[in-house]
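Okay, structure first, notes after.
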Amino acid sequence: MSAPAAGPASAAVPAPVPETAPAPEPQHVPEGVALLDSGTGTDPAAAPEPAPKDRRVLRAALRWTAALLTFAAFGAGSAYGIAGMERTDVPGLGTVSDGRWDFPVLTKAPLPSGSPGPLAPENKAGSHYADLRALVLPAPEGATVDKALSGTDGWLPTKDLLSEYAEKEDREEFGTKLSENGLRHIAARGWTTPDGTRTRIYLLQFDTAAVVDDLFGRDIAPYGSPGYELRDAPDSVSDEAFPDAARIHDITASVYAESKPYGKEQARHAYIGAGDVLALVVQSRKGTANPVPFQQTVTLQSQLLG
């Protein structure tokens, strides 16, 4: 109501003080819906409802954002699992988008009570106290296992390992060195995946890590090319493309790839030195051997031995 007009004799009448408007109650906003920028002065409640096409675009964007966040979290968790791994589960690296194989969940073999791991500072001999047969990488899902590499009770005769080498003289010389250096036993496993890739893994156990170090650097895996030629890879050279990220700290690995021209098949192989165990990993495939599953196999086998 307006104030009466003031006459000449009237006293000045102060203007009424307007009442302070009550603060609006906070609006309930459903989870996942962002308020509009308060700096625009636009009332969110008054915002026009998006058209059906706009709503579809918004929903698609939210789904993609959620998917990206999920994959980012999964990737960070996987990387931490590899880098911070204890004597527990070993990640299977089971994605197939880049050619990696889907391995089962891997668990390191249990140690006898009170026994240190092979890389523990107090384990001067670098001994693996776990059963060597439990340290061989299992076959990935969908692969056909090579039963010939199972041996007797899981132990493979030395002659079966030596059959991997091309030259008779190499087989005889290497066999003599293995005997003279006190080879205790060999555990092995092999498989073939649906794409035709053949994998063979051999674990050779000796009395001490010093023996493995001597054989590794002097006879078997010198830099540049292997000491003995494999029957599947007669012309192999150091694989300079093997990523550092695929190597495991405190475990030695020399990696080789068959150079061109390599005929109908290409082979890749690696020697791994971990404590008192010397490992040989061989992969071959018609055409070109995919480097990704080879790197994956070498990494996982190294982790199981560490």
How close do [X] and [Y] get, counting heavy atoms only, and between which atoms?
X: Thr297; Y: Thr199; result: CG2-CG2, 4.4 Å
X: Arg171; Y: Ala166; result: NH1-O, 3.1 Å
X: Leu203; Y: Leu132; result: O-CD2, 3.6 Å
X: Gln301; Y: Ile201; result: OE1-CG2, 3.5 Å
X: Leu119; Y: Gly306; result: CD1-CA, 3.9 Å
X: Ala233; Y: Glu258; result: CA-CD, 3.9 Å

Report whether [X] and [Y] are members of the same hydrophobic cluster (ILVMFWY, side-chain heavy atoms less than 4.5 Å apart, transitive linking).
X: Phe216; Y: Val298; answer: no
X: Ile272; Y: Leu156; answer: no
X: Val281; Y: Leu149; answer: no
X: Leu305; Y: Phe206; answer: no

query: When Tyr228 is tested against each of Tyr271, Tyr256, Phe174 for ring-ring contact (aromatic ring centres under 6.0 Å, His included), which residue passes?
result: Phe174

Does the side chain of [X] reach to within under 4.5 Å of the side chain of [Y], using non-hydrogen atoms?
X: Thr288; Y: Tyr262; result: yes
X: Arg198; Y: Glu265; result: yes
X: Phe242; Y: Pro291; result: no
X: Ser163; Y: Arg231; result: yes
X: Val277; Y: Val212; result: no
X: Tyr202; Y: Asp160; result: no

message: One pair to check against side chain to side chain contact (heavy atoms under 4.5 Å, CB included): Asp207 and Asp276. What are the steps and the verdict?
response: CA-CA 6 Å; Asp207 287 331; Asp276 62 351; over 6 Å; no

- request: Go through the steps for Thr197 and Phe294 under the test side chain to side chain contact (heavy atoms under 4.5 Å, CB included), then give the verdict.
  value: CA-CA 10 Å; Thr197 300; Phe294 175 69; over 6 Å; no

message: Could you go through Thr158 and Ile186, starting from their C-alpha distance and side-chain angles, then the distance that decides it, and tell me whether this counts as side chain to side chain contact (heavy atoms under 4.5 Å, CB included)?
response: CA-CA 7 Å; Thr158 304; Ile186 302 172; 4.1 Å; yes

Keeping the roles fixed (side chain from [X], backbone from [Y]), state whether a donor-acceptor pair exists under 3.5 Å.
X: Arg100; Y: Gln296; answer: no
X: Arg247; Y: Ala253; answer: yes
X: Thr192; Y: Thr144; answer: no
X: Asp235; Y: Ser259; answer: no
X: Ser179; Y: Thr176; answer: no
X: Arg133; Y: Asp153; answer: yes
X: His128; Y: Gly275; answer: no

field: Asp146/Arg200 salt bridge by N-O under 4.0 Å criterion
entry: no

To the nearest 0.5 Å, what is the distance between [atom1] on [X] and [atom2] on [Y]?
X: Asp250; Y: Ser302; atom1: CG; atom2: OG; result: 12.0 Å
X: Lys108; Y: Leu135; atom1: NZ; atom2: CG; result: 9.0 Å
X: Trp101; Y: Asp195; atom1: CH2; atom2: CG; result: 7.0 Å
X: Lys124; Y: Thr208; atom1: NZ; atom2: OG1; result: 14.0 Å
X: Asp102; Y: Thr193; atom1: CG; atom2: OG1; result: 12.5 Å
X: Glu173; Y: Lys177; atom1: CD; atom2: NZ; result: 4.0 Å

statement: Exactly one candidate in Leu204, Leu215, Leu280 meets side chain to side chain contact (heavy atoms under 4.5 Å, CB included) with Ile220; the answer is Leu215

Leu300/Leu106 under side chain to side chain contact (heavy atoms under 4.5 Å, CB included): CA gap, chis, key distance, verdict: CA-CA 9 Å; Leu300 291 177; Leu106 307 177; 4.1 Å; yes

field: Plane angle bin for His185 and Trp155 - parallel if under 30°, tilted between 30 and 60°, otherwise perpendicular
entry: parallel

